[in-house]
Amino acid sequence: MADNKFAAYICSGCGIGDVLDVKAMEKIATKEGKMQVVRSHPFLCNEEGVQLIRDDIEKEGVTHVCIAACSRRAKAEAFYFPTVALSRANLREGVIWVVAEGSDHDEVRQEMAEDYVCMGCAEVKKMKLPAGNPNRAENKRILVVGGGMSGMTAALEIAETGYEAVLVEKTAALGGMAAKLLKRVPFNGAYAEAQPTGAAELAARVSAHPKIKVHLSSTVAETAGAPGRFQVKIAQESGNVAEEAVGAIVQATGFTPYDLAKLPELGGGQANVVDQAGLEALAMAANGGAIKRADGKEVKSVVFVQCAGQRGSGGNGSGQHLEYCSGHCCGTSIKQAMYFKDANPEVDTVVMYQDLRVPGMGEDFYRSAQNKGVIFTKAKVDGVTGGDTCQVRMKDLILDEEATVDADLVVLATGQVPNAGVNLDQWTEVVTAAEGGSEEAKVQKIELQKGSVLNLSYRQGPDMPQFKYGFADSHFICFPYETRRTAIYAAGPVRRPMDMFQAIEDATGAALKAIQAVENAAAGRAAHPRAWDLSFPQARLEGCTQCKRCTVECPFGAIDEDERRFPLFNESRCRRCGTCMGACPVRVISFENYSVDTVGSQVKAVNVPDEFEEKPRILILACENDAYPALDMAGIQRITYSAFVRAIPVRCLGSVNTIWITDALNSGYDGVMMMGCKKGDDYQCHFVKGSELAHYRMSKIGDTLKQLGLETERVVTHEVAITDNARVAQMINDYVAQINEIGLSPMKGFG
Amino acid sequence: MSDMNTQAVARYRNNFLKEVEERVEDGHWVRMCMQCGVCAGSCPLGPHWEHSPQKIFMMIRAGKREEVLTSDAMWMCTSCYNCIVRCPRKLPITHIMHGLAHYSHRLGLAPKGQPTREIAKLFWDSLVKTGRVNELKFSLAMYFKDGFGQGIKNAMAMQGVGLGLVKAGRLNPMEILGGHACKDKGGIQKMIAKAQEIENRKKGLTA
């Protein structure tokens with residue numbers, strides 16, 4: 001500690017000096033904040049101001065800097081001092097822009113500013129300069145699982161960017177589903193004609209590329225390690241096992257068409273009823289000529305049934321098949337109807353749809369098919385019988401009448417089922433039962449494992465988590481390629497239903513994310529969304545009670561247990577959300593620059609007035625990703641809110657340790673507001689589960705409050721989106737009014 | 001033409017659509033309808049027809065030949081052009097409806113006694129005869145289309161208007177005796193006959 005030197009810099013620019021007493025704040029920083037160097041400057045973020053700080057760091061040996069100026073989200077480039085620990089007191093967005101104007105509010109405004117200065121000083125004193133992940137790993141090769149359109153594109157993009165790619169394909173040839181298509185829907189031009197798939201050319205480029213190593217007829221038998229140092233065992237059909245060391249993984253395992261046999265009501269399994277893949281096979285055999293059925297008869301009339309076994313009861317399904325729309329099938333049927341019309345315009349082609357969904361430029365393609373004479377009819381198909389003359393029973397939804405249509409061939413547009421591997425919820429259930437001694441579960445576990453794609457040796461299970469309907473994990477609202485397994489990215493239809501164009505785009509995105517991941521791992525930094533972050537969690541194991549909460553609650557599977565059942569951090573898998581820190585009941589987990597202490601000391605640094613002053617104090621713990629920016633933006637828009645609140649940004653609401661709340665209430669705060677991202681199925685939490693966990697933990701805090709003799713309303717949890725700037729101000733004002741109604745905390749003066 | 005009136009058309013096949021495309025003015029547009037229903041919602045006479053344009057187009061595609069050609073729908077069109085203006089696929093809906101009306105009339109399938117059809121027929125016949133429409137004969141023919149007694153009643157009811165027109169010099173009662181024709185009556189008739197011949201040939205209505 002002897003070498004530490006603490007300095008505070010107070011900016012009086014942007015109007016701070018006009019409405020706040022800077023001299024008083026300097027005094028506070030020295031006296032209460034115990035800063036050895038305290039300076040103010042009228043324009044701290046300009047060259048002169050920054051130089052002032054830089055000189056102190058270089059010549060005065062300052063190691064810890066508190067900057068009391070604008071929000072930590074502003075002027076990050078100017079105030080970039082990578083060699084010192086840095087805290088920011090938010091006087092601009094957090095005080096002068098949100099406290100109502102006028103001398104009536106001078107007193108509370110000054111109190112708020114002084115509290116923020118004290119908090120900034122208290123925080124920086126507990127901070128350490130992060131050293132970076134000591135277990136950084138340098139492997140920058142990238143494994144691509146799946147050799148279809150997505151996988152080949154990803155491998156090629158990786159290679160063309162200058163990185164090495166290893167591609168594993170289960171079958172004996174590259175190309176996947178794309179290689180089984182006669183043509184694809186158009187990506188460009190007039191969007192009027194189907195285009196060659198380009199799969200063969202892409203496969204040739206991938207095979208010939210010097211930076212791509214291809215394993216055909218192979219599967220991934222085991223994936224161990226962490227970002228930058230994955231060890232992958234690749235099982236070849238011959239029985240040989242190859243080993244590859246890679247830094248990141250792109251899973252592009254695509255989809256399987258929904259099983260026709262599950263659709264007997266629509267003629268699945270009967271002669272002359274095929275799915276879209278089946279029709280592609282017939283079209284490939286015809287190769288531009290007249291398309292013939294399996295029995296050799298030339299097709300003169302064909303009916304396409306859209307949404308077959310899809311979209312639940314909203315589509316042609318009865319609700320017992322796929323619930324979702326697969327997105328590509330309307331375009332695909334249009335393309336396939338064109339196969340017939342192009343070969344022979346006399347063939348009757350009818351597409352029976354309920355809602356024709358043609359994303360992108362598909363509308364032009366649809367028009368082109370109409371021009372070629374394809375008949376589209378809005379109809380719900382009730383049943384199909386196969387045979388020499390297939391009969392389609394349908395209800396025409398425009399004419400509102402039932403009809404039966406004869407056809408030589410019926411094509412069912414079935415949906416995409418993702419090849420996402422093992423469902424982890426099911427896995428956890430089976431594993432728990434197996435550990436409990438169930439023999440049946442042990443057999444089940446082995447069976448499940450056979451369906452795994454990645455065979456990860458993670459304690460959370462052998463594949464990445466799955467979404468509703470079994471699609472591979474993806475932060476689909478905010479960061480589509482991010483999964484909960486750091487440096488493992490899902491791309492293509494394994495992630496959500498999509499067509500080839502989207503799959504190619506998706507694969508390109510995932511390839512670039514994988515490159516970022518290996519670079520971050522090599523630099524010892526976190527991956528998205530704290531990609532600059534060098535801090536990593538450390539546990540004081542002598543205090544650990546082995547409760548396993550951190551290992552269970554980590555959304556990213558970054559924490560294992562060592563042989564003594566202590567938490568074992570995989571720093572490179574860690575995303576630095578701090579959920580483990582929030583989970584730990586004995587508070588032994590911390591980051592160098594973010595810990596129970598850095599926040600706790602801020603909570604305690606606030607001067608809580610006694611009950612006779614009638615000034616409540618409300619603590620806001622705001623997620624730095626959405627809620628804190630929303631508060632800042634309220635300031636930018638000059639939306640005023642109560643000066644009785646004190647906001648502390650947290651990395652994620654999941655990192656909130658309940659000790660902060662009990663500490664705050666014990667020291668006389670009148671209320672605590674927690675603000676995090678949207679939780680649930682359509683979550684917006686950057687760390688997926690953080691917000692949900694926080695809400696869950698807070699639902700249990702009622703007992704603690706009762707023990708303290710406090711009303712449960714004194715702790716509230718809110719979901720706040722980044723756009724909620726007006727709402728967040730209203731929320732604060734409403735809560736202050738509510739607290740005034742309940743009355744001030746009886747705990748004042750005992751802290 | 002009688003064989004065409006009794007053609008059996010298979011459902012949801014292209015036969016009837018093809019017939020419409022070949023023989024109906026602007027009929028080739030029918031395939032481009034995307035069934036959004038904007039025309040049906042835009043038509044001011046919508047509630048009064050048997051079928052909206054949207055339905056007529058779907059019926060054509062569904063091969064419902066007789067229902068389409070005997071429908072009163074296309075006869076109810078007032079040519080307000082709302083549907084053409086609003087159609088997102090730019091179909092000349094009004095023109096197609098007129099084309100269909102014309103086609104069904106020529107086939108003799110159009111609904112008998114449909115007033116719009118009757119008035120159009122009287123107008124046309126008067127025009128072809130003399131090269132111009134004889135207003136007096138045209139209105140009298142309208143009054144008497146439902147029989148002599150009804151005709152007298154109609155004429156008596158319109159007496160005031162008629163006399164007013166005569167007084168103002170807008171109606172010459174002598175027109176009842178043949179009336180005047182355009183300068184080259186024969187020329188106009190030849191032109192129309194030629195045009196009809198060309199149209200029939202184009203649409204394959206003559207052998």
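Letters A, B, ... are given to chains in the order of the sequence lines, protein chains preceding strands, and every chain is numbered from 1. On a predicted model such as this, the values are computed, not experimentally measured, just so you know.
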Within the supplied structure, the quantity of interest is the number of heavy atoms (other residues, nucleotides, ligands) at a distance under 6.0 Å from [X] [atom1]; does it exceed 12?
X	atom1	answer
B:K121	NZ	no
A:Y469	OH	yes
B:K185	NZ	no
B:K190	NZ	no
B:M156	CE	no
B:K137	NZ	yes

Discussion item. Is A:K372 in contact with chain B via its backbone, its side chain, both, or neither, using a 4.5 Å heavy-atom distance?
Written reply: backbone
Item to complete: Let me know if A:A407 has heavy atoms under 4.5 Å from chain B in its side chain, its backbone, both or neither.
Response: backbone
Worksheet item: Closest heavy-atom contact between B:K55 and A:L399?
Response: O-CD2, 3.7 Å
Worksheet item: Who among A:V350, A:V347, A:T377 has the most heavy-atom pairs with chain B under 4.5 Å?
Response: A:T377
Worksheet item: Can you tell if the side chain of B:R89 reaches within under 4.5 Å of the side chain of A:R367, non-hydrogen atoms only?
Response: yes
Worksheet item: How many angstroms lie between atom CG of A:D396 and atom NZ of B:K64, to the nearest 0.5 angstrom?
Response: 8.0 Å
Worksheet item: What's the spacing between B:M58 CE and A:I375 CD1 if we round to 0.5 Å?
Response: 7.0 Å
Worksheet item: Is there a donor-acceptor pair closer than 3.5 Å between any side-chain N or O of B:R61 and the backbone N or O of A:F376?
Response: yes
